[in-house]
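A quick write-up on the structure given underneath.
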2 protein chains.
Amino acid sequence: MSTPKTRLFLPLIYIVWSDDLLTADEFNILSRFIQKQSWLSEDERTFLESQLHLASPPSRIELNAWRAEIAQTVAVNPTLLSLFDLQLKVSQDHSLIAHQSAFEVLEQNLGILGAEALKLFTANKENQTYNYETNSTFDVPTLTAILDGSVANAINEVKEVISSKAFTYETSTDVTVYREKVLEWCRILAQRDLGNRAYPKEYGGGGNLAEYFAIMETLSFHDLSLVIKFGVQFGLWGMSINSLGTEKHFKKYLAKVGSLELPGCFAMTETNHGSNVKGLQTTATYNHATKTFLISTPTPKDQKEYIGNAANHGIMATVFAKLIIDDVDYGVNAFIVPIRAENGASLPNVTIGDCGLKMGLNGVDNGTLSFHNVEIPYDNMLDKFATIDENGAFSSPIPSDNRRFFTMLGTLVGGRIGIPRSALSGAKSGLAIAIRYGDQRRQFGPEGGSEIPILNYRMHQRRLFPPLAKAYALHFALRYLTQRFIDKKPEEMQEIEALAAGLKSYTTWFATATLQECREACGGKGYLSENRIDALKNDTDVYTTFEGDNTVLMQLVAKNRLSVFRKQVSDMNAMDKVSYVWNQTKVYLSEKNPFITRDTNEQHLLDPAFHINAFYYREHEIVTSAAKRLKKLIDSGLDPYDAFNVAQHQLIDVTKAYLERVVLEQFLDKIAATSDASAKAILTKLAQLFALSTMDENKAWYLENDYLTTVKTVAIRKTVNQLCWDIRPDAVALVDAFGIPESCLAAPISQKK
Amino acid sequence: MSTPKTRLFLPLIYIVWSDDLLTADEFNILSRFIQKQSWLSEDERTFLESQLHLASPPSRIELNAWRAEIAQTVAVNPTLLSLFDLQLKVSQDHSLIAHQSAFEVLEQNLGILGAEALKLFTANKENQTYNYETNSTFDVPTLTAILDGSVANAINEVKEVISSKAFTYETSTDVTVYREKVLEWCRILAQRDLGNRAYPKEYGGGGNLAEYFAIMETLSFHDLSLVIKFGVQFGLWGMSINSLGTEKHFKKYLAKVGSLELPGCFAMTETNHGSNVKGLQTTATYNHATKTFLISTPTPKDQKEYIGNAANHGIMATVFAKLIIDDVDYGVNAFIVPIRAENGASLPNVTIGDCGLKMGLNGVDNGTLSFHNVEIPYDNMLDKFATIDENGAFSSPIPSDNRRFFTMLGTLVGGRIGIPRSALSGAKSGLAIAIRYGDQRRQFGPEGGSEIPILNYRMHQRRLFPPLAKAYALHFALRYLTQRFIDKKPEEMQEIEALAAGLKSYTTWFATATLQECREACGGKGYLSENRIDALKNDTDVYTTFEGDNTVLMQLVAKNRLSVFRKQVSDMNAMDKVSYVWNQTKVYLSEKNPFITRDTNEQHLLDPAFHINAFYYREHEIVTSAAKRLKKLIDSGLDPYDAFNVAQHQLIDVTKAYLERVVLEQFLDKIAATSDASAKAILTKLAQLFALSTMDENKAWYLENDYLTTVKTVAIRKTVNQLCWDIRPDAVALVDAFGIPESCLAAPISQKK
């Protein structure tokens with residue numbers, strides 16, 4: 001039975017039979033509706049109800065015929081906007097428009113979104129999501145050159161080596177095979193004079209610290225066990241001699257360390273003392289009669305643990321131990337202790353263990369070391385900061401044991417520069433794999449059209465592009481940190497140490513979170529080892545807790561910031577309300593301009609002056625508030641240790657706000673110094689995305705502090721989404737600009753078509 | 001030279017030489033200050049300045065003598081509150097109090113926090129942080145019984161098996177060895193009738209679905225490869241027959257599947273179609289003359305991928321393929337296809353690949369399957385939802401191909417219950433390891449005291465206790481979901497499917513994030529494989545993307561919620577402003593009471609009625625706002641596909657708010673039904689922590705929507721910290737109550753003293 005009135009129901013009947021979101025309920029709703037429509041004849045009602053019996057469904061052929069009929073109507077009426085419009089056209093009786101409002105209520109009762117339902121009948125390929133693709137706006141080599149900067153030669157030198165056949169990835173799951181392969185790779189790097197790059201030229205080195213860090217960073221595009229083994233040998237072991245020793249040590253060891261003739265360890269951490277290294281228990285007891293030290297491990301829990309190069313290859317170790325002279329404890333000092341004979345056997349009184357399988361970095365032979373009165377000569381004390389004089393008395397230019405130890409640690413801060421740079425390379429590799437895959441992988445699509453690259457989906461963009469922007473931001477921030485470290489003056493050391501500790505934490509957490517997103521963004525393919533995200537994730541996972549536990553480091557940095565802040569407060573009294581100046585922009589902190597807290601003008605939202613102001617404001621207010629709170633807690637009689645414990649959560653925020661300000665500032669400075677117009681344009685977009693997505697993450701704080709109003713936080717969120725959308729066509733070129741050798745990236749899913 | 005006036009400076013001089021946060025600058029500041037003090041004699045000034053020459057530091061002995069003298073003064077004056085108080089006592093000349101304000105300015109210029117500096121001279125062990133330890137308030141077995149509920153017998157049955165010697169963990173890195181061990185474990189479980197627990201009794205099963213899920217959950221305290229292999233065999237393979245087949249299939253296969261005589265696969269995913277399974281390309285072409293189907297893989301990218309049991313052990317597979325009859329495509333249906341001979345060789349025309357190494361789950365033999373016109377008989381079509389009649393014509397009670405396929409998928413939703421329950425067990429294991437370790441591991445401590453359990457640090461509590469509370473909350477929510485699934489009526493299926501898809505996503509993301517925290521909370525020990533967090537992390541990592549990609553599922557749930565919402569809007573018209581009723585509490589949504597948005601009274605903040613109201617409010621407002629936004633976008637002419645893309649981020653929030661409301665509601669219901677007073681008290685604390693930490697995470701949203709004011713968000717943050725502190729003594733008992741067998745937990749760092 002087909003009348004205009006029954007045809008009016010046809011699209012609805014089709015929908016309840018085919019839409020997989022509708023349930024049995026909807027049949028009842030539609031049935032009841034039909035019963036109530038007095039303008040239908042008895043026959044029409046009976047007929048329509050007969051179409052809605054679950055026990056006697058229409059045939060598949062019948063259903064498809066309905067669909068074809070409706071789709072034909074849609075095809076010849078491309079401007080239909082609502083489901084009722086369509087029903088009317090199908091009925092071919094315009095007078096039925098009188099029932100529009102009744103049907104609109106019905107639609108709502110059925111939970112149908114009319115315009116969406118129309119899609120069931122169209123093959124519309126021409127939507128925006130579908131028609132979006134890679135189309136870069138800038139020259140990739142130009143951007144790579146900006147990223148590489150002055151160390152491009154060293155970077156290219158490393159890339160050439162790690163792209164060679166000898167550096168084909170090891171796929172054996174046998175740890176012994178893997179460890180030997182990593183050692184072999186290190187030997188090749190040593191032969192190419194890449195390991196000793198930072199050592200003084202007079203001792204066979206390259207005298208170039210900037211290149212050393214660039215080498216470490218570039219190696220991190222390859223296997224990360226290699227990077228850590230390399231860092232243990234040439235960084236920790238070699239640099240401990242270089243930083244804590246004196247000429248006699250340089251002469252005797254540095255060349256052999258740099259050539260890998262003398263593999264060694266950096267033995268600081270003990271089982272019972274990881275973060276709190278001031279509490280190390282290993283002892284070095286001096287005997288002036290024999291001019292020797294006895295190195296000793298008091299209890300099993302005081303063994304050195306997680307020591308790289310210890311389990312298999314190390315011949316000597318820099319051992320950190322409490323110096324004891326005549327029963328007096330002079331605090332922790334460093335000593336060179338032989339641990340293994342040339343033939344690989346442990347030396348007498350040295351017990352070497354193997355840490356066994358780890359979550360990652362299984363190409364590194366981490367082990368434990370215990371010493372049972374191991375005798376070493378006088379000359380083996382690394383004596384730059386403390387020595388024993390001819391009378392057997394302790395002597396040091398730094399009288400406080402505590403301060404001396406932290407000064408020693410300060411010279412080793414290079415590890416906290418190498419690690420975040422390595423972590424960032426790992427994150428870049430993950431982003432390159434996930435973004436290239438997202439550009440090619442297609443899934444879902446509009447009805448009737450072919451599938452859409454998943455990188456066109458907004459959520460996928462939101463997962464990958466803010467990290468992409470942050471990777472660029474951190475790249476420049478870590479370069480800045482490196483340069484500060486190279487140019488350091490003594491009075492800057494505390495600031496540089498704090499910055500290194502902070503950026504180490506911030507970057508390694510970033511890498512962990514980013515690689516997690518990348519893994520998930522690649523679905524099952526991201527879980528297969530052949531696509532390398534598993535190795536990147538697992539190898540970098542320990543970065544958040546080694547070279548200093550991130551949570552502990554963040555608190556140390558906060559204490560430094562509080563100390564700086566307290567000094568600043570008095571300096572600033574004269575400065576009225578202008579507290580900082582960035583480039584030519586004065587940064588106003590104290591006044592919250594009601595107009596600005598509500599300004600959602602696009603030009604303003606994208607303005608770097610707005611961003612840097614907001615970042616400075618947050619940094620300043622958080623440190624002020626933390627300082628006041630701590631003072632209040634202590635003034636009220638709380639033990640300071642308890643007070644700091646109560647405020648721990650806030651201290652992490654102090655450091656985060658500080659770091660984010662530094663990172664943004666360095667990014668903006670770099671952009672200001674960029675001359676190539678298209679490179680500058682895309683970097684500007686990335687800086688905007690970094691700034692606004694960081695503000696979006698912290699919007700609760702901005703709202704709580706009345707710096708932003710709701711209308712503005714909403715506008716920021718939308719701008720973040722829009723920036724992600726705008727960056728999409730450039731995304732593949734942006735990861736290409738990282739310049740990761742294809743042989744290193746290696747993932748089949750990252751191969752270009 | 002020692003005068004009262006020079007002694008007044010002694011503590012400051014000591015501090016600048018010993019504090020490791022002070023720099024060279026401070027020497028200058030102190031020097032300049034001394035020069036300006038006209039009340040000092042020329043000699044005194046000269047003497048004091050001589051103490052501040054970096055080139056001629058005091059000796060270590062001298063420095064220690066100063067410290068001893070100052071500490072002695074502190075010891076006899078225990079009530080000193082400020083650094084200046086101390087200076088005055090050291091000077092022994094009270095008249096110098098006249099200079100107090102000058103010294104306070106100096107302190108600030110030096111960046112010293114006076115009361116904190118005092119700590120340098122005290123050995124105060126008696127602070128709160130130090131004196132806090134495990135001391136549980138409830139009976140552990142009672143709480144375990146509440147968690148286990150009605151399936152305690154099945155749980156204990158499994159625990160007994162997995163605690164036996166045969167279930168010692170496999171430590172070989174050889175994948176072949178590991179896969180065979182996992183198969184052997186599965187055989188033991190099958191022998192114990194643990195695999196067939198859900199199958200109907202008439203086909204040899206246990207007829208108990210609730211126990212099947214409890215078995216899966218409990219097995220997840222052991223090796224997760226075992227769980228997945230078990231789930232593939234008995235869940236996916238067996239339940240596909242049970243849910244999609246008819247009696248002939250049950251008779252022929254179920255007993256053999258349940259005994260593991262017939263290992264099989266669930267072959268749905270293809271390389272090119274993972275999330276969008278509607279687009280599967282494998283074909284099953286029917287030939288009515290021979291009454292057979294030809295199964296075929298059109299192109300290499302259409303191969304079945306990631307298929308568990310395929311690489312080594314599967315004999316047959318349930319293959320999802322488009323049914324083609326006389327060149328007409330009838331949509332995706334399921335077929336039983338033999339793939340391997342008894343001797344393990346692939347059958348003719350079947351190509352089997354191996355997915356190789358994966359990030360985790362390497363005990364599962366995932367593989368690929370390609371079919372080249374593989375002929376199977378008529379009876380091998382799983383024909384519950386569609387069949388081919390005696391004339392060779394297609395026939396189905398569900399005429400829409402789309403709807404039929406999603407109905408089939410709906411019957412398989414059990415996988416989305418088993419996976420989150422397994423994920424939660426993994427998270428519980430991680431929490432048990434990290435919390436027990438945190439209780440025993442000591443690091444840092446007040447000057448002079450011994451070190452403090454790291455679980456006493458507020459940040460450590462903030463990292464581990466909100467996840468602990470959420471683990472409890474999710475436990476009850478997943479039990480609720482399971483019961484709903486067991487009791488399901490057809491009209492509830494969509495709601496249950498949405499809840500399963502949502503809780504699968506929410507729980508697996510929770511497990512991934514929690515295990516990351518646990519890894520970091522255990523530092524280097526957490527990185528060692530012996531402590532098992534690596535396996536827990538890596539094995540569960542794929543849970544976020546298999547059985548449906550979380551991001552895709554969250555959007556599907558949101559679409560369901562939008563559809564429910566649209567129907568609700570009309571239903572609610574009559575309901576005035578009261579929209580929901582929880583227990584006896586009416587939940588008011590529309591009115592924001594200005595008094596309540598500012599109420600920071602503790603009793604109110606801890607009140608479940610406040611929590612559930614806030615959760616309902618957020619759920620309701622977010623779905624309303626998303627619905628309005630979508631309508632506006634589509635009404636403005638945007639293609640609906642684009643409109644949904646623009647709103648993707650918001651759709652995730654719709655689902656999150658819905659799930660969190662359900663989880664809280666179920667937790668509160670469970671607490672209401674708990675009779676043991678001390679169990680009830682600790683569960684109440686956990687529910688408060690879950691509710692408030694969830695609100696704290698979403699505080700930006702509450703601020704943007706004026707549901708909370710700043711004063712209240714700050715009070716909530718403090719209450720979260722306080723609840724963490726309050727829960728600390730119970731934390732170890734709370735993870736003990738999970739009832740994880742010690743042999744399964746296995747981590748050396750989790751062993752109790």
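Chain letters run A, B, ... following the sequence lines, proteins first, then strands; residues in each count from 1. Computed over heavy atoms, backbone and side chain alike; hydrogens, waters and symmetry mates excluded.
Interface remark: Ser59(A) contributes backbone atoms only to the contact with chain B (heavy atom separation under 4.5 Å). Residue Phe394(A) touches chain B through its side chain alone, counting heavy-atom pairs closer than 4.5 Å. When heavy atoms are compared at a cutoff of 4.5 Å, Trp725(A) approaches chain B solely by way of its side chain, counted from C-beta outward. For Phe644(B), the part sitting under 4.5 Å from any heavy atom of chain A is the side chain, from C-beta outward, and nothing else. Proximity to chain B involves both the backbone and the side chain of Asn272(A), based on heavy atoms less than 4.5 angstrom apart. Of the atoms belonging to Arg519(A), it is side-chain heavy atoms, and not backbone ones, that fall under 4.5 Å from chain B. For Leu63(A), the part lying under 4.5 angstrom from a heavy atom of chain B is the side chain only. Contact of Leu651(A) with chain B is not made at all, since no heavy-atom distance falls under 4.5 Å. Both the backbone and the side chain of Leu361(A) come within contact range of chain B, judged by heavy atoms closer than 4.5 Å. Within the 4.5 angstrom heavy-atom criterion, only side-chain atoms of Ile452(A), from C-beta onward, approach chain B. Of the two parts of Val646(A), the backbone and the side chain both hold a non-hydrogen atom closer than 4.5 Å to a non-hydrogen atom of chain B. Heavy atoms closer than 4.5 Å to chain B are found nowhere in Glu62(A), neither backbone nor side chain. Heavy atoms closer than 4.5 Å to chain B are found in the side chain of Tyr306(A), but not in its backbone.
Of all the listed residues (Ile634(B), Thr271(B), Val542(B)), the one sharing the greatest number of non-hydrogen pairs under 4.5 Å with chain A is Val542(B). Of the listed residues (Lys537(A), Arg404(A), Lys631(A)), the one with the most heavy-atom contacts under 4.5 Å to chain B is Lys537(A). Chain B forms more heavy-atom pairs under 4.5 Å with one residue of Ser529(A), Ala700(A), Pro640(A) than with any other, namely Ser529(A). Comparing Ala513(A), Ser275(A), Gly279(A) by heavy-atom pairs within less than 4.5 Å of chain B, the highest count is held by Ser275(A). Comparing Thr173(A), Asn645(A), Leu528(A) by heavy-atom pairs within less than 4.5 Å of chain B, the highest count is held by Asn645(A). Each of Tyr330(B), Phe406(B), Trp701(B) has some count of heavy-atom pairs under 4.5 Å with chain A, and the biggest count is that of Tyr330(B). Note: Gly360(A) leads Gly360(A), Gly523(A), Ser396(A) in heavy-atom pairs under 4.5 Å with chain B. With chain A as the partner, the residue from Gly526(B), Gly637(B), Gly445(B) showing the most heavy-atom pairs under 4.5 Å is Gly445(B). Taking chain A as the reference chain and counting heavy-atom pairs below 4.5 Å, the highest number among Arg442(B), His273(B), Glu495(B), Glu530(B) is found for His273(B). No other option in Ala55(A), Ser395(A), Ala643(A), Gly274(A) has as many heavy-atom pairs under 4.5 Å with chain B as Gly274(A).
Between Lys699(B) and Leu703(A), the closest side-chain pair of non-hydrogen atoms is not below 4.5 Å. Annotation: side chain of Phe444(B) is in contact with side chain of Tyr641(A) (closest heavy-atom distance under 4.5 Å). Taking 4.5 Å as the limit, every side-chain heavy atom of Trp17(B) sits out of range of all side-chain heavy atoms of Arg403(A).
Side chain to side chain, Gln443(A) and Asp549(B) fail the donor-acceptor criterion of an N or O pair below 3.5 Å. For the 3.5 Å distance criterion, the side chains of Arg60(A) and Ser400(B) fail to qualify, holding no donor opposite an acceptor. With 3.5 Å as the limit, one finds a donor-acceptor pair spanning the side chains of Asn276(A) and Glu451(B). No donor-acceptor contact under 3.5 angstrom links the side chains of Thr512(A) and Gln516(B), judged on distance only. With 3.5 Å as the limit, one finds a donor-acceptor pair spanning the side chains of Asn538(A) and Asn538(B).
Expressed to the nearest 0.5 Å, how far CD of Glu491(B) lies from CD of Glu26(A) amounts to 11.5 Å. Here the OG1-CG distance, from Thr171(B) to Leu357(A), works out to 8.0 Å after rounding to the nearest 0.5 Å. With rounding to the nearest 0.5 angstrom, the CG atom of Asn366(A) is 8.5 Å from the OH atom of Tyr527(B). Here the NE2-CZ distance, from His649(A) to Arg462(B), works out to 3.5 Å after rounding to the nearest 0.5 Å. The CD1 atom of Ile652(B) sits 4.5 Å away from atom CE of Met459(A), with the distance rounded to the nearest 0.5 Å. Summarising the geometry, atom OG1 belonging to Thr710(B) is positioned 5.5 Å from atom CD belonging to Glu704(A); distances are rounded to the nearest 0.5 Å.
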Checklist line | Stepwise side chain to side chain contact (heavy atoms under 4.5 Å, CB included) check, Thr551(A) with His460(B) | finding: CA-CA 9 Å; Thr551(A) 306; His460(B) 214 72; over 6 Å; no

Note to self: Please determine whether side chain to side chain contact (heavy atoms under 4.5 Å, CB included) holds for the pair Gln555(B) and Tyr457(A), giving the CA-CA distance in whole Å, both sets of side-chain angles, and the decisive distance to 0.1 Å.
What the structure shows: CA-CA 12 Å; Gln555(B) 288 170 57; Tyr457(A) 291 111; over 6 Å; no

Item checked: Evaluation steps, side chain to side chain contact (heavy atoms under 4.5 Å, CB included), between Ser18(B) and Asn402(A) -> CA-CA 7 Å; Ser18(B) 65; Asn402(A) 198 29; over 6 Å; no

Margin query: Between Lys358(A) and Asp534(B), does the salt bridge (charged side-chain N to carboxylate O under 4.0 Å, His left out) criterion hold? Intermediate values first, please.
Written below: CA-CA 8 Å; Lys358(A) 305 183 295 286; Asp534(B) 73 332; over 6 Å; no

Notebook entry, point to check: Do Lys525(B) and Glu305(A) pass the side chain to side chain contact (heavy atoms under 4.5 Å, CB included) test, and can you show the C-alpha distance, the side-chain angles, and the key distance before you say yes or no?
Noted result: CA-CA 10 Å; Lys525(B) 285 289 181 193; Glu305(A) 189 161 10; 2.8 Å; yes

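Looking at Gln108(A), its side chain never comes within 3.5 Å of a backbone N or O of Arg566(B) through a donor-acceptor pair.
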